[in-house]
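Take a look at the structure below.
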Amino acid sequence: MLPRSAWAGMSKYGAALWSGDTDSTWTSLQVSVTAGLNAQMSGIAWWTTDIGGYAKGDIESADFRELIVRWFQYGSVCSLFRQHGARDTEIWLLGDEAEAAITKTIKWRADMKGYVLEAMKSVSETGQPVNRPLIFDFPEDQNCWGVERQFMFGANILAAPVTVFGARTWSVYLPTQGGSTMTTWKHMFTNEMFIGGQTYEIDAPLDEFPLFQMQD
């Protein structure tokens, strides 16, 4: 069930909340990230958005094509991954570059099926949401307290969706666990390793976004 209204505890009935009929704008994407974290921290485990926004948006415009690529990337690290809108937005209508970037994202999400299922299982057993702000998992790291548009996707993956048109780098803070300076993170697209406790300027070509896996 996908209702417009919501209340704490609704998840036990298999009900999911989505962001409503948002416009296809970069502002809507930015707000969706923070709204999703707020909703899930309020006890609503199943969160989703209309990827690309529901209303407006010109599938021939470079702005919209980049927006929907970046929104697919955000959607891939939400508990529910779905597209919907008041227009034809099949990915093959968006041009070769956008189609290739979205296909890469869809394949990544499919490859993570086992991880997603474990995250869903954890929700049912512990109540911990799939997406949570960094302070949830890293309360000792005070640098996390001001981070609003990065979040954990399950227990081990940190996502920092790109939400600005034309951005090809993105500032990312990688936290430390228990205050340890030895926390390491692996970029899930490049396999490059990073040390926690620092802010990095991460390359973000159109077909990738900052996505890191915490190492043991």
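Remark: I202 CD1 to L174 CG distance equals 6.5 Å, nearest 0.5 Å. Between L29 atom CG and T25 atom OG1 the span is 8.5 Å, to the nearest 0.5 Å. Note that the CE atom of M152 and the CG atom of L37 stand 12.0 Å from one another [nearest 0.5 Å]. Note that CD of Q150 and CG of L211 are 11.5 Å apart. Values are rounded to the nearest 0.5 Å. Note that the CE atom of M188 and the CD atom of E208 stand 12.0 Å from one another [nearest 0.5 Å].
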Dump the intermediate steps for side-chain contact (heavy atoms from CB on, under 4.5 Å) on F151 and Q40, then the final yes or no. CA-CA 12 Å; F151 54 86; Q40 290 176 84; over 6 Å; no
Assess the residue pair F165 and L67 against the criterion (side-chain contact (heavy atoms from CB on, under 4.5 Å)); give the C-alpha distance rounded to whole Å, side-chain angles, the decisive distance to 0.1 Å, and a yes or no. CA-CA 7 Å; F165 176 69; L67 172 66; over 6 Å; no
Start with the C-alpha distance between F138 and N143, add both sets of side-chain angles, then the distance that settles side-chain contact (heavy atoms from CB on, under 4.5 Å), and finish with yes or no. CA-CA 9 Å; F138 307 97; N143 293 316; over 6 Å; no
Would I68 and L94 count as a side-chain contact (heavy atoms from CB on, under 4.5 Å) if you check the C-alpha gap in whole Å, the side-chain angles of each, and the deciding distance to 0.1 Å? CA-CA 9 Å; I68 198 169; L94 300 170; 3.7 Å; yes
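Cluster partners of L2, using a side-chain heavy-atom cutoff of under 4.5 Å among ILVMFWY residues and allowing indirect links, are W18. Apart from L117 itself, the hydrophobic cluster it occupies contains nothing, where clustering links Ile, Leu, Val, Met, Phe, Trp and Tyr at side-chain heavy-atom distances under 4.5 Å.
The two residues T89 and I59 come nearest to each other via the heavy atoms CG2-CG2, 4.0 Å. Contact detail for A159 and F209: the closest heavy-atom pair is CB-CE1, 4.3 Å. Here the shortest heavy-atom pairing between Y173 and C144 reads CE2-SG, 3.9 Å. Smallest separation of non-hydrogen atoms from F136 and P139: O-CD, 4.0 Å. Of all non-hydrogen atoms in P175 and L158, the two that sit nearest each other are CD-CD1, 3.5 Å. Scanning all heavy atoms of the two residues, the minimum distance from N131 to C78 falls at OD1-CA, 3.5 Å.
The main-chain N or O of T169 is never found under 3.5 Å from a side-chain atom of D203 such that the two would form a donor-acceptor pair. Judged by distance alone, with hydrogens and angles left aside, the side-chain atoms of S28 form a donor-acceptor pair with the main-chain N or O of D23 at under 3.5 Å. Side chain of S42 to main chain of N38: a donor-acceptor pair is present (N/O by atom type, distance under 3.5 Å, no hydrogens or angles). The backbone N or O of A55 lies less than 3.5 Å from a partner atom in the side chain of S24, making a donor-acceptor pair. Judged by distance alone, with hydrogens and angles left aside, the side-chain atoms of D207 form no donor-acceptor pair with the main-chain N or O of I102 at under 3.5 Å. The backbone N or O of Q213 sits less than 3.5 Å from a side-chain atom of Q215, completing a donor-acceptor pair. With Q30 contributing its side chain and T163 its backbone, the two residues share a donor-acceptor pair below 3.5 Å. In this structure a side-chain-to-backbone donor-acceptor pair under 3.5 Å is missing from R87 to D58. Between the side chain of Q73 and the backbone N or O of L206, at least one donor-acceptor pair lies under 3.5 Å.
Between V162 and P210 there is a side-chain heavy-atom pair separated by less than 4.5 Å.
A search for salt bridge (Lys or Arg N to Asp or Glu O under 4.0 Å) contacts involving K186 returns nothing, not counting sequence neighbours. Contacts of Y115 classified as ring-ring contact (aromatic ring centres under 6.0 Å, His included), with partners at least two apart in sequence or in another chain: F153. Remark: R132 pairs with D137 by the side-chain hydrogen bond (donor to acceptor under 3.5 Å, both in side chains) rule, at least two apart or across chains. Scored by the side-chain hydrogen bond (donor to acceptor under 3.5 Å, both in side chains) test, T49 finds W71 as partners (sequence neighbours excluded). The side-chain hydrogen bond (donor to acceptor under 3.5 Å, both in side chains) check on Y54 picks up nothing, with sequence neighbours excluded. Under the ring-ring contact (aromatic ring centres under 6.0 Å, His included) criterion, F194 pairs with Y200, F212, not counting sequence neighbours. For D21, the side-chain hydrogen bond (donor to acceptor under 3.5 Å, both in side chains) criterion is met by R4, not counting sequence neighbours.
Judged as a salt bridge (charged side-chain N to carboxylate O under 4.0 Å, His left out), the pairs with a partner in residues 35-51 (not counting sequence neighbours) are, in order, D50-R82. Listed by first then second residue, pairs satisfying salt bridge (charged side-chain N to carboxylate O under 4.0 Å, His left out) with a partner in residues 91-100 number zero, not counting sequence neighbours. Residue pairs meeting the side-chain hydrogen bond (donor to acceptor under 3.5 Å, both in side chains) criterion with at least one partner in residues 105-114, sequence neighbours excluded, are absent.
In the hydrophobic clustering of this structure, V172 groups with F189; members are Ile, Leu, Val, Met, Phe, Trp, Tyr whose side-chain heavy atoms approach within less than 4.5 Å, directly or through other members. Hydrophobic clustering of Ile, Leu, Val, Met, Phe, Trp and Tyr side chains at less than 4.5 Å, counting indirect connections, unites M10 with W46. In the hydrophobic clustering of ILVMFWY residues, with side-chain heavy atoms under 4.5 Å counting as a link, M41 and W47 come out apart. Placement of I51 and I106 within a single hydrophobic cluster is found when ILVMFWY residues are connected by side-chain heavy-atom separations under 4.5 Å, directly or transitively. No continuous path of hydrophobic side-chain contacts links M193 to I157 [ILVMFWY only; heavy atoms under 4.5 Å].
Looking at Q177 and T183, their side chains never bring a donor and an acceptor atom within 3.5 Å of each other.
Using a 4.0 Å cut-off between a side-chain N of Lys or Arg and a carboxylate O of Asp or Glu, E66 and R168 qualify as a salt bridge.
Remark: Q142 CD is loosely packed, at most 12 non-hydrogen atoms of other residues, nucleotides or ligands lying under 6.0 Å away. Within a 6.0 Å radius of CD in E148, other residues, nucleotides and ligands contribute 12 heavy atoms or fewer.
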